[in-house]
**Student:** 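A single structure is presented below for examination.
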Amino acid sequence: MNPEAVDGAPVVLSARRVSKSFSGVQVLFSVDFELRQGEIHALMGENGAGKSTLVKILSGFEQPTSGEILLDGQPIKLPPNGGAEALGIVIIHQELNLAEHLTVTESLFLGREVTRFGVLDRKFMRAETRRVLDLLGSHVDENAPIASLSIAEKQMVEIAKAISRDARVVIMDEPTAVLSREETGILFRQVRKLRDKGTSFIFVSHKLDEVMELTDRVTVLRDGQWIKTSPTAILDGEAIAQLMVGRELSSLYPAKTEPDVDEAIALRVEAVSTGYVRDASFEVRKGEILGFSGLIGSGRTELMEAIVGLRPRLSGDVFVEGKAVPSGDLHAANRSGLAYMTKDRKAKGLLLNAGMAANLTLQSLERHSRLGYLDPGSEAAALARARRRFDIRVRDANIVAGRMSGGNQQKLLLAKVMETEPQIIIIDEPTRGIDVGTKQQIYHFISALARDGRSIIVVSSEMPEIIGLCTRVAVMREGQIVGMLEGDEISEHEIMRYAAGLKKKAAA
Amino acid sequence: MSVNEESSQNGIRRRSWRDVDLRAVAPFAALALLLIIGAMVNPNFIGVNNLANVATRSAFIAIIAVGATFVISAGDLDLSVGAMVAFIASLMILFMNSGAIADPALMLAAAVAFAVAAGAACGLANGLITTVGRIEPFIATLGTMGIYRGLTTWLSQGGAITLREPQLQEMYRPAYFGSILGMPVPIVVILAVTAVAAFVLYRTRYGRHVVAVGSNSDVARYSGIAVNRVRTIAFVIQGLCVAVAVLLYVPRLGSTSATTGILWELQAITAVVVGGTALKGGAGRVWGTICGAFILELVGNIMLLSNFVSEYLIGAIQGAIIIIAMLVQRSLVRKS
Amino acid sequence: MSVNEESSQNGIRRRSWRDVDLRAVAPFAALALLLIIGAMVNPNFIGVNNLANVATRSAFIAIIAVGATFVISAGDLDLSVGAMVAFIASLMILFMNSGAIADPALMLAAAVAFAVAAGAACGLANGLITTVGRIEPFIATLGTMGIYRGLTTWLSQGGAITLREPQLQEMYRPAYFGSILGMPVPIVVILAVTAVAAFVLYRTRYGRHVVAVGSNSDVARYSGIAVNRVRTIAFVIQGLCVAVAVLLYVPRLGSTSATTGILWELQAITAVVVGGTALKGGAGRVWGTICGAFILELVGNIMLLSNFVSEYLIGAIQGAIIIIAMLVQRSLVRKS
Amino acid sequence: QDKNVTIGVSIPAADHGWTAGVVFHAERVAKLLMERHPGLNVIVKTSPDPASQANAVQDLETQGIDALVILPTDPDPLVNAIKEVKGKGTFVALVDRAPSVNDNSVRDLYVAGNNPALGQTAGEYIKATTPDAEVVVIRGLPIPIDQQRQDGFDKGIEGSNVKVLDRQYGNWNRDDAFKVMQDYLTKYPKIDVVWCQDDDMAVGVLQAIDQAKRTDIQYVVAGAGSKEMIKKVMDGDKMIPVDVLYPPAMVGTALEMTAANFFGQVPVRGVYTIDATLITKDNAKDFYFPESPF
Ligand SMILES: Nc1ncnc2c1ncn2[C@@H]1O[C@H](COP(=O)(O)OP(=O)(O)OP(=O)(O)O)[C@@H](O)[C@H]1O
Ligand SMILES: Nc1ncnc2c1ncn2[C@@H]1O[C@H](COP(=O)(O)OP(=O)(O)OP(=O)(O)O)[C@@H](O)[C@H]1O
Ligand SMILES: [Mg+2]
Ligand SMILES: [Mg+2]
C-alpha cells in the first residue's frame, strides 16, 4: 500500500495520552499513538524506551495508569490476559510465550481448542497447524514438544500462532530478533499479504533495514515520551537513529584492527565432534575477532557449547594457550580464561526473579568473596561499574531481571559474562534485541577488548555484524565448518554461498 | 538467502523427542520386571487369584492416584486425600445408619450420591483455599488433612463407625467382593475410572488446559485460560476420585475409623510419580499412574510371599526396590 | 545515550524491596498473633517457663527444618529425615552401648562424632541417588525413608533401643536439659545452627549457588555452577542437621524405636513453607523456617493448654489454624 | 472435703480402636470422679507419638498438677519426661506399658496391663485347643509392647506341636491386616489358626478369609476385648471362639486409685496387675460395654 492510501484509511486502534507507572516508577509519559487500517506501523526506540509496555497496553496485557485506548474510535477497556483476541487484537510478545510441555499444535490452539461434540478434533488442529507452518516455510514438526525446539523455531511457532487468528490488528514485538534473514523474508511476505487484505500491524524492531523495508509509518519513543510519527518513506535510517538516540551517531562499526600474523594462538580447536557437529577445527589468535556465520541450526551453538564444556565432546581437543581443556567441564574452561555467553538469555542466561547484582556476579562470585565470605560492597561496586560500562538502564535499581526491558537484559547478560574477565570470549548473538545506539557501544567494546589482546568469537545471524566486526569468518553448514573467509573475501555473497552449500573449502 | 537449499532439510525434522514415548512405556517395563521377579520368588504369585487380589486391593490407591494425576499435572499437590477417605467414609456410613430412608435400595443410592457430593465438596474446599486463598497447595491441603481427619475422629469419638443395617451391608457387599464377567468389580472400576480420566486429560479441552497450567501458568493465563478455575476443578476431580474409592472401601470392611487411609496420600503421590508424571507439573500419564499403583502393591505382595526376608527388613527392601525400579526406568529412557 | 533519566531513578527505588521484606516479616507477624491468642487462652501460657518449654521442644523440627530449607531452596525435597532421625539415633545408642571405649567422656565424644558422620553419610546417599541416579527427589527419599526406617526396625528387632550406661546417660543429660547462661541448651543450639545456616545461605558463594540452582538450574549450569554438586551438598547439610537434632534427641529420651520421628519430614517441610520459603525452590528464608517451627509447636501448645477443645477435634483445629496463619501472611503481603 | 487437687491424664490419641477405648474410659472416669469430689480437677490430654506426649506431659506440668496418670505411647522414650515430673514431687501413676527400668524412681503406682500375658494366654489357648495347629501371626507395630506379646505367645505354645508359619506386621490397622491375611492365604495352602493379637486387625482378617472362601482356618484369636468381638464370642461365632482381655478401662482404674490416694484414707503405692483374662462364651457378658466406642 502506498502512504497516500494509508493516509485516508480509518484509524483502528489508538492510544490517547497514555501514561504508565510500575509501582510508582513512570515508564510512559502521555503517549499518543494511532494505527490505521491496513498499515504496518513501526515502533522504535532505545532499550527501555517503553515500546513493549506500550504494545502491552494496546493489547490489554497491561492497563494504563492514565489515558485511554480507542478501538474504532470508541474508548474501550481492553480485557486482560489475551482477552483482546476476541476483539481481533493479537500480540506476539517480545519474551517467548509458550509452555514447554505442550506440542506445537497444542500451543497453536491453546485457549481456543477446536472440539467436536466436546472431543478435541486433533486431526483438524494438526492439519491446520501444518498449513500455517508451511505458509511460513517452517519445517517444525507439528507434533514436536516445544521443549525440543530451538529459539528460532519457537519464534516461528509464535508467529504462526498470531497470524493464524484472523486478527484485525497484529502486534509483533521484535519478532525477527531471533530469525534468520531467510525466515524474516518469508515472514514479511506473509505480513504484506495480510496487510493487503486490510490487517494492521505494529512492528517493534531494532533492525533499521527491516523497518525501512517493511513499514509504512514509524513512531519513535524516547525515555517513555512520544517523539515523532511520520511516514517511513520520508525518513532514512540515520534520521530514525538520531530521533531515537537524541544525538547523531558516528559510524556503527569501529575500524578493524587485524592482529599480527605471529601473534600467539589463544584457542585451538581440533577435530571436535558432538552428536551433530563433525570434525570442527579452527584457531583464534590473540587480539582477533573471529566470526561464525551460518544458517539457523547449522550447529554453531552446539559447537561453542562443546568447546566451553557445556556439552560433552564425543571426540576432539580444545587447547587454551597450549593447555588442553577437559571435556564437559565449564568451570575448568572458565578458569583457563574461556567464557561463553548464551543466546538464550531467558532460559539459560539470567535468573529472572533475582536482582541485577545477584545475576551480575553469579558466574564470578570468587572475585567478590574473602575467605568464602561474600562482600556486598564489592558486588555493589561491580554493579555500578557494569551499569556504566554497558549502559544498563533501569528506572528502579532493585528491579528483578525478569522485569527489565529485553535489551537491558541482554546488556546485563553480557556484563555478567564479562565479569569473569575472560581472555577468550565466545559471544552467541551479541546484540539480540539491542538498540542501535547500544549496538554501537557494544561493537566498540568488543573491538577494544580485541585491541587489548583478548580473543573474541562472535556467533551471529546478522550478516552486517559479522562483516563489520570480524577479521576472519568461519561458515558452518549442517554441523561442519565449510569455509574460512579472510580479508576481502568477507562479503555477504561469499558467506551465503558457503552457508547454502554452493561452495566448499577443502580444508578449514 | 537462497531457498534452493531447502531440499537438504527435506520436510520436517522429527527427532529426539521420540524418547518421550519411551518414558511412557518405562513404568510398564518396571511392572513386567516385578512380575518376573515375583514368579521366581513364589509359584503361587503368578496365579490368577493372587494377581486379582493384588489388583483388587490396589484399587483404592489407584483410583485416588488417578485424581492426583490431575492435581499434579496442574502443578499442585493434595495431601488431604487419605484423611478425606476416612471423612467421606464416616459420613457415608453415618448417613446409612441414620435410617433416613426406609427402602434399602433407595437408601444405598442416596448414600452413593451423598458420598459423591461430599467428595466434590471436599475437593472444592481444597481448590478454593489453594487458588482463591493463594496458599501453597502443600500447606493448604496439609491443613485440610488435619481438618478432615480431626472431624473423622470426632464423628467416631475415636473409635470405629460401623454399618449397622445387615440388609444394607448384604446388598452393598458385591460392590467390592462381586465380579462382572468374571472380573472383580474393583478392577472394573479402576479401568473405567482410568479410561474416563484418560479421555478427559487427553481428549478434552479441559485436559489440555490442565497440562498448560501445570507447564506454565503465565502462558496459560495469557492464552485466556481461567487458571484458577482449571486448578480448582482438578481438586474437585481429585475429590470425586476419592469418593469413588470410598464407594469401594465401605463395602469391604463395612466400617471405618480415624486410622482409615493414613499415609494414603503419600502412596497415591508415589504411584503418580512412579507412573512417570513429574511432580513439577505439566504432564500427566494416567495409565502410568495405574501401573505405578500396581507396582507399589506388587512390591508389598512379593515381600510377603517370599520367605527369605525378615519381617523387620521388609520396609528397607521395599524402599530399595522402589529406587531400583526408578533407576531401571531412567536407564531405559536414557538409552533410547 | 542520554543519562538524564538517571535522576528519575532515585525517587522511589525502595519500593519493591519493601514488599520482599514484608514477606520475610509475615511469619513473625503470624507468630505474634499466636502469642496473643495463647495469652488469652491460658494465663500460664505467656510464662517464661512455658515459652522456654515450647521453644526447647521445637528444637528437633526446627533444626531439621533448617537443613530442609537448603534442600528446598535448591529445588529438591527430602522425605527421609524422620526415618533418618530414628536410624542415626539407633546407631548412636548402639555405639554407646557397645562399650568400645571405656572412658565415658571419650565415649561420648566418639559417639557424637559418629552420629555426625552417619548423618553426613545418609545425606550423601540421598543426594547421590537423586542427582547421579537422576530420580525425582520425592521418590528417591521416599525410598531411603523406607530403607532407614527398615534398618532401624531391624536394629531394634522390633523393640526399643535404650541407652544402658547410667553414667553416660548422666553425663549426656545436660545436652538437652541443661542451660547456658540461663538459656536452655536446645534453644542455644537452634540459634547457633540457624545463625550458621543463615551465614552459609546468604553470605557465601555456596549459598548463592543453592538459590541459583533452585531458581533455574539451566542458568546455574551455564554460569559454571556444578549443579549436581550443589544439590548433593544441600542433602549433606540436611543430613548434618538431622545429626544435630539426634544429638539433642538422644539425651532427652535416652531411647529410640522404629517409630521415632514418624511424620517429622512433613512437619519440617511445613515449618519451611510456613516460614515463607516456596516449595518450588529458588529462595530460602532460614529465620522464617525457625519461626515456622515455633508456630507449629505453639499451635499444639495452645491446644493443650486450652481446656475447651475436645481432644478429638485437636487435629481439625490445628489444621484450621495453619490455614488461617497462612491467610494472614498472604493478606499482609498483598496489602503492602 | 475442700481439698483442691488437679490430676493430669496423658494418654495416646484415639488413633485406633483400643486407644479410642482408653480415651473413652479416661473421660468417663474423670467425669465421675469430678462429680464425686468437688475439689478435684482432671485434665485429659491425648498425644499421637512419644515426642508429643513428652510435650504434653510438660504442658500439664505447666498447668500445675498434683498427680500424673500416664499411659505412654511408648514407655522407654518417655522415662525422662516422667522422671522430670516425678522429680518435682508429683504423684505418678503409670498405666499399662512399663519401661525397661520400672521402679519407684519412675512412678508411685503401676497399673499393669499384662502384655506378655496377652500373648501367653492366646498361645496357651491354641496349644490346648489345637495342639498341632499351623499358625500365622499378624504383629502390630515395631515397638516393645508388640515384642513382649510375641515373646509371651512363644512361651505359651512352648512344648507343643503348634507351628508358627509366618509373622508379619499389620500395624494394628484393619486395612493392612486385610492385605497381610490375603497374602498369607495365597502363600499357605493350609492354615489352621490366625493369631492377630488385636480386635481391630481381626476385622480385616475375617473379611480376607471370607473373601477367599477358605474353610481350612479353624479360628482366629484376637485380643483387647472390643464390644464387637465380645459380641461375637457371646453369640458363639465359630471363627471367634474366644478373645483375650486387655481392657482399655484400666486407665480408669488407675485414675480411681490415684484419686483415692488424695481423697481416701490410705496412700496408694505399688503394682496392680490386670490379668489378661480369656473371654469365653461363658463369661463374655461380664465384659460387654455396648456404649463404649470400642
Ligand atoms: N512489570 C514491570 N515492573 C516494573 N518495571 C517494568 C515492568 N515492565 C517494564 N518495566 C520497566 O519499564 C521500562 C520500559 O520497558 P519496556 O520493556 O517497555 O522497554 P522496551 O522499549 O520494550 O525496551 P527493549 O527494546 O529493551 O525491549 C523499563 O525500564 C522496564 O524496566
Ligand atoms: N538435520 C538435522 N538433524 C538432526 N538434528 C539437527 C538437524 N538440524 C539441526 N539439528 C539440531 O540443531 C542443533 C544445532 O543448532 P544450533 O543451535 O547449534 O545451531 P546454530 O547455528 O547456533 O543456529 P541458531 O541460529 O538457531 O542458534 C543441534 O542440536 C542439532 O541437534
Ligand atoms: Mg521490549
Ligand atoms: Mg546459535
Side-chain angles (χ1 to χ4, degrees), chain A residues 61 79-86 91 93 96-103 106-107 109-115 118-120 122 130 133-134 137-149 153 161 180-186 275 295 297 463 477-478 492 496-497 499-502, chain B residues 1-21 23-24 72-75 196 198-230 276-278 280-285:
Chain A
F61 283 91
N81 293 333
E85 252 184 59
I91 181 170
H93 289 272
L96 294 172
N97 204 11
L98 299 169
E100 297 280 314
H101 293 90
L102 301 181
T103 67
E106 288 167 355
S107 299
F109 283 91
L110 187 62
R112 44 162 212 148
E113 292 80 3
V114 178
T115 56
V119 184
L120 292 177
R122 299 198 287 187
R130 187 69 263 152
L133 287 173
D134 284 342
S138 167
H139 298 287
V140 174
D141 181 351
E142 69 274 17
N143 297 316
I146 296 297
S148 72
L149 305 186
E153 289 170 327
K161 188 172 166 182
S180 68
R181 286 247 207 132
E182 180 200 22
E183 287 166 308
T184 304
I186 299 177
L295 301 179
M463 203 69 80
R477 177 181 162 73
E478 293 184 346
E492 183 149 356
M496 269 329 299
R497 282 168 51 106
L502 301 175
Chain B
M1 221 161 263
S2 61
V3 194
N4 53 357
E5 60 98 32
E6 296 264 299
S7 55
S8 72
Q9 290 202 357
N10 57 357
I12 298 120
R13 292 190 356 220
R14 305 182 191 264
R15 48 187 163 87
S16 56
W17 51 271
R18 287 278 147 181
D19 64 26
V20 171
D21 276 355
R23 183 167 301 166
I72 292 174
S73 298
V196 171
F199 177 80
V200 172
L201 194 57
Y202 303 137
R203 296 290 164 125
T204 69
R205 198 180 285 181
Y206 173 73
R208 222 18 98 67
H209 292 180
V210 166
V211 175
V213 167
S215 172
N216 188 331
S217 65
D218 283 334
V219 170
R221 184 170 305 116
Y222 276 20
S223 303
I225 294 171
V227 172
N228 279 352
R229 192 167 65 211
V230 169
T277 300
K280 309 249 169 210
R285 297 181 201 285

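Just so we're on the same page: letters track the sequence lines, and every chain starts at 1.
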**Student:** Side chain, backbone, both or neither: which part of A:F61 has a non-hydrogen atom closer than 4.5 Å to chain B?
**Tutor:** side chain
**Student:** Given side chains that start at C-beta, do those of B:V211 and A:L102 come closer than 4.5 Å, heavy atoms only?
**Tutor:** yes
**Student:** Side chain, backbone, both or neither: which part of A:R112 has an atom under 4.5 Å from a heavy atom of chain B?
**Tutor:** neither
**Student:** Counting heavy-atom pairs under 4.5 Å with chain A, which one of B:A212, B:G207, B:A283, B:G224 comes out on top?
**Tutor:** B:A212
**Student:** Is B:F199 close to chain A through its backbone or its side chain, or both, or neither, when contacts mean heavy atoms under 4.5 Å?
**Tutor:** side chain
**Student:** Between B:R205 and A:L120, which heavy-atom pair has the shortest distance, and what is it?
**Tutor:** N-CD2, 3.7 Å
**Student:** Nearest 0.5 Å, please: how far is NZ in B:K280 from NE2 in A:H101?
**Tutor:** 10.5 Å
**Student:** Calculate, to the nearest 0.5 Å, the distance between atoms CG and CD1 belonging to B:N216 and A:I146 respectively.
**Tutor:** 11.5 Å
**Student:** With a 4.5 Å cut-off on side-chain heavy atoms, are B:Y222 and A:H93 touching?
**Tutor:** yes
**Student:** Once rounded to the nearest 0.5 Å, what's the spacing between atom OG of B:S223 and atom CD of A:E85?
**Tutor:** 7.5 Å
